[in-house]
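All of these numbers come straight from a predicted model, not from anything done at the bench.
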Amino acid sequence: MAEKPQPVKVLYCAVCGLPAEYCEFGPNFEKCKPWISQNARDLYPDLFKDAAGKDVDNLSDQLQSTSVSSDAAPPKPKEENVKRLPGGKIKKKEKLEVVIEKTTRNKRKCITSVKGLDLFGVKLNEAAKKIGKKFASGASVVKGPTEKEQIDVQGDISYDIVEFITETFPEVVSPIQSLSF
C-alpha cells in the first residue's frame with residue numbers, strides 16, 4: 001500500500017500571524033524582521049547579508065567592538081525647502097504640468113479632462129469657453145476627484161487639444177502629459 005502523506009508543518013510569524021515565508025507581503029514586514037532573524041533566518045538569507053555576502057550579525061559585532069573618536073564633527077543634515085503643516089504633514093510642491101486624460105463612459109462616449117492649466121495662471125472659465133468654441137463641443141469647469149478644478153470636454157479631442165493649448169496659451173511652457181484610459 002502507498003504511504004500516507006504527512007501533514008506539512010507551517011511556521012507562523014508571531015508578529016503578523018502569516019506564514020513566515022509570506023511575511024514580506026504582509027502589512028508590517030519591518031516589525032517582523034527581528035522575529036524572522038531569530039526563528040526563520042533560512043527563509044530570507046539575502047535579508048541578513050550585506051553586499052559582500054558577509055553575515056550582518058558578524059558585522060554588527062565588529063562595529064560594536066570598535067570606537068569612533070569624538071573629534072570629528074557630525075555631518076549636518078540637508079536643509080530642504082519643505083513646508084510643514086500642523087500635525088507634522090509635509091506639503092509637497094505641485095508639479096507644473098498639464099495633464100490630459102481621456103475617459104470613456106457608456107462604451108462609446110468620451111470625456112477629455114484637462115488638469116493643471118490653473119497652475120500657469122490660465123483662467124479656467126475662459127479656457128473652457130475657448131476650447132468649447134474651437135472643438136464645437138461642451139466644455140465646463142468641474143472639481144476633480146482631488147478637489148482641484150479641471151476642464152471636462154465632451155468628445156475625444158486628446159490629440160488635437162495639445163496643439164491648441166500650446167498655441168492659445170503661451171504661458172504654458174511645461175511639457176504636456178497625455179494619459180489615455
Side-chain angles (χ1 to χ4, degrees), residues 12-13 15-36 43-44 46-51 74-181:
Y12 289 97
C13 177
V15 178
C16 64
L18 293 172
E21 56 265 9
Y22 293 109
C23 278
E24 63 183 320
F25 305 111
N28 46 7
F29 183 55
E30 293 299 320
K31 292 179 182 177
C32 295
K33 283 182 182 180
W35 183 87
I36 290 172
L43 292 175
Y44 297 98
D46 296 336
L47 186 64
F48 302 106
K49 295 196 184 287
D50 64 348
K76 294 181 180 179
K78 294 180 182 177
E79 291 184 22
E80 297 179 17
N81 295 333
V82 177
K83 187 173 183 182
R84 295 233 178 228
L85 298 174
K89 293 184 180 179
I90 297 174
K91 184 176 182 181
K92 296 180 182 178
K93 291 184 179 178
E94 296 183 73
K95 290 184 178 179
L96 290 177
E97 64 183 0
V98 177
V99 179
I100 299 170
E101 291 181 347
K102 180 184 85 170
T103 55
T104 58
R105 60 178 179 89
N106 296 338
K107 298 180 184 175
R108 290 189 180 189
K109 306 289 182 180
C110 292
I111 295 176
T112 305
S113 300
V114 181
K115 302 175 186 175
L117 276 179
D118 55 342
L119 298 175
F120 293 97
V122 176
K123 293 184 180 178
L124 294 181
N125 289 331
E126 293 175 10
K129 192 173 184 179
K130 288 180 182 180
I131 291 171
K133 283 184 179 180
K134 168 71 177 171
F135 297 107
S137 63
S140 61
V141 178
V142 297
K143 283 200 176 188
T146 60
E147 296 298 322
K148 294 196 176 197
E149 290 186 338
Q150 67 185 26
I151 299 174
D152 281 353
V153 185
Q154 293 178 0
D156 181 13
I157 59 167
S158 58
Y159 296 107
D160 301 330
I161 199 165
V162 174
E163 186 178 320
F164 177 75
I165 289 174
T166 54
E167 290 174 359
T168 309
F169 308 108
E171 56 268 15
V172 179
V173 292
S174 178
I176 297 176
Q177 179 182 8
S178 296
L179 301 173
S180 58
F181 295 108

Around atom OH of Tyr22, are there more than 12 heavy atoms of other residues, nucleotides or ligands at under 6.0 Å?
no
Considering only residues two or more places apart or on different chains, which pairs with a residue in residues 15-30 satisfy salt bridge (Lys or Arg N to Asp or Glu O under 4.0 Å)?
Glu30-Lys33
Between Ile36 and Leu43, is there a side-chain heavy-atom distance shorter than 4.5 Å?
no
Closest non-hydrogen contact found for Leu18 with Gly26 is CD1-CA, 3.6 Å
d(Ile151 CD1, Leu117 CG) to nearest 0.5 Å is 5.0 Å
Evaluate the side-chain proximity of Ile157 to Ile131: yes if any heavy-atom separation is below 4.5 Å, no if none is.
yes
Can you pull the side chain to side chain donor-acceptor pair (under 3.5 Å) pairs that have at least one residue in residues 109-132, sequence neighbours excluded?
Glu101-Lys115, Ser113-Asp152
Closest non-hydrogen atom pair between Ala127 and Phe169, with its separation:
CB-CZ, 3.6 Å
Less than 3.5 Å apart, which donor and acceptor atoms pair up between the side chains of residues 133-143 and the rest of the protein, not counting sequence neighbours?
from, atom 1, to, atom 2, distance (Å)
Ser137, OG, Gln154, O, 3.4

So, taking the atom named CD1 in Ile111 and the one named OG1 in Thr104, what distance separates them when rounded to the nearest 0.5 Å?
9.0 Å
What are the two closest heavy atoms between Ser158 and Val162, and how far apart are they?
O-CG2, 3.7 Å
Please report the closest heavy-atom contact between Leu124 and Glu149, naming both atoms and the distance.
CD1-CB, 3.7 Å
Minimum heavy-atom distance between Trp35 and Ala20, given as atom pair plus value
CZ3-CB, 4.1 Å
